[in-house]
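What follows is one structure encoded as structure tokens, with my remarks underneath.
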Amino acid sequence: MNKEEIMKIIPHRDDMLLIEEVNVSADGVAEGKYHVRGDEFFLRGHFPGNPVVPGVILCEIMAQSACALFADKGGNFTPMYTGLNNVKFRNPVVPGDTITTECKIVKSKAIFYFCEGKVKVNDKVCVTAEFSFALAPATNNKL
């Protein structure tokens, strides 16, 4: 999926659309990519002179790539982050890095989906987490 296809699943737009492409493999793993250019809003004040991508942004990038797993669920909904557990930050991400994500659904119940994911740079794990979503009915969605 490219940015236009991703925007059909999630309502995020610039500056908060933080995933450039994502593909879902045959085994149900969403693999996303984002290249950190260095001019992003979240780097301006996060360690000036030594910018590091904030952990919350890395979690958001991971979550946005996971939303590709909902593309085939049908209906008019907005994936809403409902939980984030067991987050581990292992290595920093800096300008010039290309982030890759790997996310999968491990359980679902009604509109709730429970996922596991990781963020990597050059095959080095930077973040691991468990997280969840609700596919909330879209009431004011302009998708």
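What you see is a predicted model, and the numbers here were worked out from it, not measured in a lab.
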Please table the atom pairs, donor to acceptor, closer than 3.5 Å between any side-chain atom in residues 112-128 and protein atoms at least two apart or in another chain.
residue	atom	partner	partner atom	Å
Lys120	NZ	Glu102	OE2	3.2
Thr128	OG1	Arg90	NH2	3.4

Review item, side-chain donor-acceptor pairs of residues 52-63, under 3.5 Å, at least two apart:
residue	atom	partner	partner atom	Å
Glu60	OE2	His12	NE2	3.1
Glu60	OE2	Gln64	NE2	2.8

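Both Ile99 and Leu17 belong to a single network of hydrophobic side chains, linked directly or stepwise wherever heavy atoms of I, L, V, M, F, W or Y lie under 4.5 Å apart. Hydrophobic clustering, with ILVMFWY side chains joined whenever heavy atoms are under 4.5 angstrom apart, groups Leu43 together with Phe89.
Phe77 approaches Phe70 most closely through the heavy-atom pair CZ-O, 3.5 Å. Of all non-hydrogen atoms in Val87 and Ala129, the two that sit nearest each other are CG2-CB, 3.9 Å. Between Pro95 and Pro51, the shortest heavy-atom contact is CD-O, 3.5 Å. Shown here for Glu4 and Asn2, the closest heavy-atom pair between the two residues is N-OD1, 3.1 Å. When all heavy atoms of Val22 and Ala30 are compared, the pair lying nearest together is CG2-CB, 4.1 Å.
With a 4.5 Å cut-off on side-chain heavy atoms, Pro137 and Asn76 do not count as touching. Looking at heavy atoms from C-beta onward, Ile105 lies out of side-chain contact with Lys107 at the 4.5 angstrom threshold. Side-chain atoms of Val94 and Val36, non-hydrogen and from C-beta on, never get closer than 4.5 Å to each other.
A distance of 11.5 Å separates CE in Met1 from CD1 in Ile19, rounded to the nearest 0.5 Å. Atom-to-atom distance recorded for Ser65:OG and Lys33:NZ is 12.5 Å, nearest 0.5 angstrom. If you take OG on Ser132 and CG on Asn85, they are separated by 7.0 Å, rounding to the nearest 0.5 Å.
Under the rule for a side-chain hydrogen bond (donor to acceptor under 3.5 Å, both in side chains), Thr100 has no partner lying at least two apart in sequence or in another chain. By the side-chain hydrogen bond (donor to acceptor under 3.5 Å, both in side chains) test, Asn86 is found to be paired with Glu130, residues two or more places apart in sequence or in another chain being considered. Residues satisfying the side-chain hydrogen bond (donor to acceptor under 3.5 Å, both in side chains) criterion with Asp27, sequence neighbours excluded, are Ser25. For Ser108, there are no side-chain hydrogen bond (donor to acceptor under 3.5 Å, both in side chains) partners at least two apart in sequence or on another chain. Qualifying side chain to side chain contact (heavy atoms under 4.5 Å, CB included) partners for Asp39, counting only residues two or more places apart in sequence or in other chains: Arg37. Listed by chain and number, the residues in a side chain to side chain contact (heavy atoms under 4.5 Å, CB included) with Asn50 amount to none (sequence neighbours excluded).
Within the structure, no pair that satisfies the ring pair (Phe, Tyr, Trp, His ring centres under 6.0 Å) test touches residues 25-51, not counting sequence neighbours.
Taking a 6.0 Å sphere around CE of Met80, one finds it holds 12 or fewer heavy atoms contributed by other residues, nucleotides or ligands.
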